[in-house]
Protein chains: 2
Amino acid sequence: MTEKGICPIQTVFGILGGKWKHRILLELHPGPMRYNQLAASIGTISYKVLTQQLRELEEDGLVCRKVYPEVPPRVEYALTEMGESIFVVFREMRRWGLECDPVHEPVCSHCWKCRGREENASGSADA
Amino acid sequence: MTEKGICPIQTVFGILGGKWKHRILLELHPGPMRYNQLAASIGTISYKVLTQQLRELEEDGLVCRKVYPEVPPRVEYALTEMGESIFVVFREMRRWGLECDPVHEPVCSHCWKCRGREENASGSADA
DNA sequence: CCGCATCCTACAAGATACTG
DNA sequence: CAGTATCTTGTAGGATGCGG
């Protein structure tokens, strides 16, 4: 488990610390995903690291792992309520990031806010 | 400079990525500080890393470095407007972190919100 | 006092091969 | 399919010594 009992801000950095943690959460936002599906949509992550980071996110209570006793095996990962709740932080990060760097890619495929924009390219997605 | 032109959320993780970046910003919040003062108040950071992270924060426009041409030399670091503005993100992080881990240390000396509480130990500091 | 140069270590992450 | 085991690599960070 990520170290707690310290400054709450450091707690958050600890929980989201891994190189891929936030990316995984972002991917999971639209709904539960299977292990391989997750690996494929992230693209460049190794299985080892994906498993590892998922376990840590699970321990920290942000994602939950559901095993379906089937053949072939199926495992789905989903955001917990706590996992959903961190998106208030992401929302602020996104706002700040956009202000600070307005020339970011017009649509970043893995960002839960941008994702909606490809079809919905007219409205004001923010605020 | 931290990589930009990508997902705004990743931009933020990039900018705050270093082990000490957020800690430095937190220390700087009350007002400008000198190099050694900063090193002392953080305590366990090495000079090399402090310099390095300060340079990166400077390049990303979060802190500004002011050199006073005196003997002995004096250098002060301060938050820029952009540096101040990231505290909206910290604020959300702190809120989330407190909910997720309510048993964090009663007062964490380096947290800009907690710091005020030591004297002001009565009121509701949040919200 | 401030901070750069150099060297070194520890750990996160990648690659690959194998298993229930 | 969804992992583990093992090995290798890259890099952030630490320690120390010198210089403006």
Side-chain angles (χ1 to χ4, degrees), chain A residues 1-3 6 10 12-28 31-60 62-78 110, chain B residues 1-3 6 10-28 32-60 62-78 110:
Chain A
M1 171 107 62
T2 305
E3 192 184 7
I6 48 175
Q10 258 183 303
V12 179
F13 277 106
I15 289 175
L16 301 178
K19 182 175 176 184
W20 300 101
K21 296 269 185 75
H22 67 279
R23 185 66 197 276
I24 292 171
L25 296 173
L26 253 17
E27 289 296 336
L28 248 29
M33 286 181 83
R34 303 178 60 164
Y35 180 80
N36 270 342
Q37 203 181 353
L38 212 39
S41 74
I42 293 179
T44 54
I45 193 174
S46 71
Y47 289 120
K48 190 197 103 179
V49 174
L50 177 56
T51 303
Q52 190 178 291
Q53 311 250 312
L54 279 168
R55 290 293 131 84
E56 287 176 26
L57 287 169
E58 202 188 346
E59 269 204 281
D60 286 324
L62 299 194
V63 310
C64 94
R65 178 172 179 269
K66 206 171 282 179
V67 182
Y68 296 85
E70 305 172 358
V71 183
R74 182 158 66 109
V75 179
E76 277 192 349
Y77 292 91
H110 57 272
Chain B
M1 169 108 63
T2 305
E3 192 185 7
I6 49 176
Q10 259 183 301
T11 304
V12 179
F13 277 106
I15 289 175
L16 302 177
K19 184 176 175 183
W20 301 102
K21 297 268 185 75
H22 66 279
R23 185 64 197 276
I24 292 170
L25 296 173
L26 253 17
E27 290 295 338
L28 248 30
M33 287 182 83
R34 303 178 59 164
Y35 180 79
N36 270 342
Q37 202 182 354
L38 211 39
S41 73
I42 293 180
T44 53
I45 193 174
S46 70
Y47 289 120
K48 190 198 104 180
V49 174
L50 177 57
T51 303
Q52 190 178 290
Q53 310 251 311
L54 280 168
R55 288 296 129 84
E56 287 177 25
L57 287 169
E58 201 188 348
E59 270 204 279
D60 287 325
L62 300 194
V63 310
C64 95
R65 177 172 180 269
K66 206 171 282 179
V67 182
Y68 296 86
E70 307 172 358
V71 182
R74 181 158 67 109
V75 180
E76 278 191 349
Y77 293 91
H110 56 273

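Proteins get letters first, then strands, A, B, ... in listed order; numbering begins at 1 in each.
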When you look at W20(B) and T44(B), which way does the side chain to side chain contact (heavy atoms under 4.5 Å, CB included) test go after all the steps? CA-CA 10 Å; W20(B) 301 102; T44(B) 53; 3.3 Å; yes

Tabulate atom names and distances for all N/O pairs under 3.5 angstrom spanning the protein and nucleotides 14-17 of chain C.
residue: dG14(C); atom: OP2; partner: W20(A); partner atom: NE1; Å: 3.4
residue: dG14(C); atom: O6; partner: K48(A); partner atom: NZ; Å: 2.7

Looking at R23(A) and I42(A), what are the two nearest heavy atoms and their distance? NH2-CA, 4.1 Å

Anything under 4.0 Å to a heavy atom of chain A counts; send over the first and last such nucleotide of DNA chain D, read 5' to 3'. dC1(D) to dT6(D)

For H110(A), give me all partners under side chain to side chain donor-acceptor pair (under 3.5 Å), at least two apart in sequence or on another chain. Q10(B)

Residues passing the ring pair (Phe, Tyr, Trp, His ring centres under 6.0 Å) test with Y77(B), sequence neighbours excluded, are none

Specify the angle, to 10°, made by the local axes at the two ends of the helix from dC1(C)-dG20(D) to dG20(C)-dC1(D) when five pairs are taken at each end. 50°

Rounded to whole Å, CZ of R23(A) lies from C1' of dA13(C) at a distance of 16 Å

Below 4.0 Å: OP1/OP2 of dG3(C) and any side-chain N or O of Q52(B): no

Roughly how many Å is it from CD1 in I42(A) to C1' in dA13(C), rounded to a whole number? 14 Å

Rounded off to whole Å, could you give me the CG-to-P distance for the L16(A) and dA12(C) pair? 16 Å

Could you give all pairs that pass the side chain to side chain donor-acceptor pair (under 3.5 Å) test and reach residues 32-43 of chain A, with sequence neighbours left out? E27(A)-S41(A), Y35(A)-T51(A)

Distance check needed: dC1(C) C1' versus M33(B) CE, whole Å only. 15 Å

Report yes if some heavy atom in the side chain of L28(A) is under 4.5 Å from a heavy atom in the side chain of L38(A); otherwise report no. yes

Apply side chain to side chain donor-acceptor pair (under 3.5 Å) to E76(B) and list each qualifying residue two or more places apart in sequence or on a separate chain. Y68(B), R74(B)

Just jot down the side chain to side chain contact (heavy atoms under 4.5 Å, CB included) partners of K48(A), sequence neighbours excluded, or say none. S46(A), Q52(A)

Any side-chain heavy-atom pair from L62(A) and I24(A) closer than 4.5 angstrom? no

Separation between CG (D60(A)) and CG (L16(A)), nearest 0.5 Å, reads 9.0 Å

Between K21(B) (side chain only) and I15(B) (backbone N and O only), is there a donor and an acceptor less than 3.5 Å apart? yes

Going by heavy atoms closer than 4.0 Å, what residues in residues 63-76 of chain A are next to DNA chain D? R65(A), P72(A), P73(A), R74(A), V75(A)

Could you list the residues that satisfy side chain to side chain contact (heavy atoms under 4.5 Å, CB included) with V67(A), not counting sequence neighbours? R65(A), V75(A)

